[in-house]
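In what follows, a single structure is set out as structure tokens and then discussed.
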Amino acid sequence: MKIFFSPASPFVRKCMVVAHELGVADRIEKLPSAAGPVKRDARILPNNPLGQVPTFLTDDGQVLFDSRVICEYLDTTHGGSLFPATGPARWERLTELSLADGMTGAALLARYETMLRPEALRWTDWTDGQLDKVRTGLEWLEAAAPSFGERVDIGTIAFGCALGYMDFRFPSVDWRAQAPNSAKWFAAFNQRPSMQATLPTV
């Protein structure tokens, strides 16, 4: 198995956390990439027309993207239970995944606006609007986090990667002050070996 990899991507991280939880991370070759929202990586394009990470190559030559598909593939093919197979629990976990990914995507857009767009063209209202999605997502998470307990599944993994990305790229945003329940849960969850092994780097 191979994955087009970026050490800073929260979506790549989510895939690798899943791989660690399933015990298969050492079987995945990390392919270097330089994917960006403006200049795309020509090495990825033959496999993924969007030129984005994560892009995943299975042992039998199938190409998978995006992170949701890759995570469920890993879980299904390696006997995991991170995705409930059926019933209300499945839809609950997928909804959590969608919210966490939405928060992460909004944070990424804010990051692009503040770091990649020429300074004269930056739109503060855009950045504030994206980070407000993170804030309202945190409101939902704050109510739900006390019920998470020691759950390890695609929902909690996605939230862990979302909050980890906020710490990595927006250390000045004190989300813990807004969401103490979420902060308490994250402090424990972030100590999992899978999370520590995938801490983002520049």
Side-chain angles (χ1 to χ4, degrees), residues 1-25 27-31 33 35-37 40-41 44-45 47-112 130 133-134 136-138 140-141 144 148 151-166 168-169 186 189 192 194-195 197-198 200:
M1 298 180 286
K2 301 178 182 180
I3 189 169
F4 281 97
F5 181 83
S6 165
S9 166
F11 293 113
V12 171
R13 184 187 187 190
K14 185 175 64 180
C15 296
M16 294 309 300
V17 171
V18 165
H20 277 279
E21 291 290 345
L22 296 170
V24 298
R27 294 169 52 187
I28 300 176
E29 179 183 352
K30 297 175 182 177
L31 302 177
S33 68
R40 296 182 298 159
D41 190 332
I44 302 175
L45 285 171
N47 294 290
N48 180 348
L50 300 176
Q52 295 176 338
V53 295
T55 296
F56 189 86
L57 288 73
T58 69
D59 286 338
D60 60 5
Q62 190 171 13
V63 179
L64 305 176
F65 48 85
D66 62 2
S67 64
R68 302 184 195 199
V69 176
I70 297 166
C71 288
E72 189 155 13
Y73 169 83
L74 289 169
D75 193 54
T76 299
T77 56
H78 295 96
S81 57
L82 301 175
F83 287 79
T86 59
R90 176 171 176 79
W91 308 121
E92 291 169 4
R93 299 296 86 79
L94 291 179
T95 299
E96 291 171 353
L97 170 61
S98 181
L99 175 57
D101 279 358
M103 293 166 64
T104 303
L108 271 169
L109 289 175
R111 168 74 178 175
Y112 293 156
Q130 297 307 317
K133 294 178 184 179
V134 177
T136 53
L138 271 169
W140 187 98
L141 180 59
F148 285 177
R151 270 180 45 199
V152 180
D153 53 43
I154 195 57
T156 55
I157 289 170
F159 279 126
C161 291
L163 296 179
Y165 187 73
M166 288 300 295
F168 178 54
R169 290 303 196 195
F186 179 68
F189 190 83
R192 294 190 64 79
S194 62
M195 294 291 287
T198 58

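Here the structure is a predicted model, which means the values were calculated and not measured.
Between the CG atom in L109 and the CD atom in Q130 there is a gap of 5.0 Å [rounded to 0.5 Å]. Considering CG of L97 and CG of L94, their distance stands at 6.5 Å, rounded to 0.5 Å. Between the CZ atom of F168 and the SG atom of C161 there is a distance of 12.5 Å, given to the nearest 0.5 Å. In this structure, the separation between CZ on R192 and CD1 on I157 is 8.0 Å, given to the nearest 0.5 Å.
Panel note: side chain T156, backbone D153; a donor-acceptor pair is recorded below 3.5 Å.
Looking only at side-chain heavy atoms (C-beta outward), L141 and F148 come within less than 4.5 Å of each other. By the 4.5 Å heavy-atom criterion applied to side chains, L99 and M103 are counted as neighbours. At least one side-chain heavy atom of C15 sits less than 4.5 Å from a side-chain heavy atom of I3. Proximity of F56 to F65: side-chain heavy atoms (C-beta onward) are nowhere separated by under 4.5 Å. By the 4.5 Å heavy-atom criterion applied to side chains, M1 and L57 are not counted as neighbours. When side chains are defined from C-beta on, C71 does not count as touching F11, because their heavy atoms never get closer than 4.5 Å. The side-chain heavy atoms of F5 and V53, taken from C-beta on, include no pair separated by under 4.5 Å.
In this structure S67 satisfies the side-chain hydrogen bond (donor to acceptor under 3.5 Å, both in side chains) test together with K14, sequence neighbours excluded. In this view, S33 satisfies the side-chain hydrogen bond (donor to acceptor under 3.5 Å, both in side chains) rule with no residue, not counting sequence neighbours. Checked against salt bridge (charged side-chain N to carboxylate O under 4.0 Å, His left out), E96 has the following partners two or more places apart in sequence or in another chain: R93, R151. Take L31 and apply the side-chain contact (heavy atoms from CB on, under 4.5 Å) test, not counting sequence neighbours, and it matches K2, F4, E29. Scanning for side-chain contact (heavy atoms from CB on, under 4.5 Å) contacts around E72 gives T76, F83, R90, with sequence neighbours left out. With sequence neighbours excluded, the residues that form a side-chain contact (heavy atoms from CB on, under 4.5 Å) with A25 are M16, A19, H20. Partners of R169 by salt bridge (charged side-chain N to carboxylate O under 4.0 Å, His left out), not counting sequence neighbours: none found. Checked against side-chain contact (heavy atoms from CB on, under 4.5 Å), A100 has the following partners two or more places apart in sequence or in another chain: A158, F159. Judged as a side-chain hydrogen bond (donor to acceptor under 3.5 Å, both in side chains), and not counting sequence neighbours, the contacts of T55 are N48. Listed by chain and residue number, nothing satisfies the side-chain hydrogen bond (donor to acceptor under 3.5 Å, both in side chains) test with R40 (two or more places apart in sequence, or in another chain). With sequence neighbours left out, D75 forms a salt bridge (charged side-chain N to carboxylate O under 4.0 Å, His left out) with no residue at all.
In terms of heavy-atom proximity, L45 sits nearest to P49 at CD2-O, 3.4 Å. Across all non-hydrogen atoms, the minimal contact from G164 to R13 is CA-NH1, 4.0 Å. Between T104 and A162, the closest heavy-atom pair is OG1-CB, 3.2 Å. Of all the heavy atoms in F186 and G160, the pair that sits closest is CE1-O, 3.3 Å.
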Problem - Candidate pair L74 and L82, rule side chain to side chain contact (heavy atoms under 4.5 Å, CB included), full reasoning - result: CA-CA 10 Å; L74 289 169; L82 301 175; over 6 Å; no

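A salt bridge (charged side-chain N to carboxylate O under 4.0 Å, His left out) check over residues 55-69, counting only residues at least two apart or in different chains, returns the pairs R68-D101.
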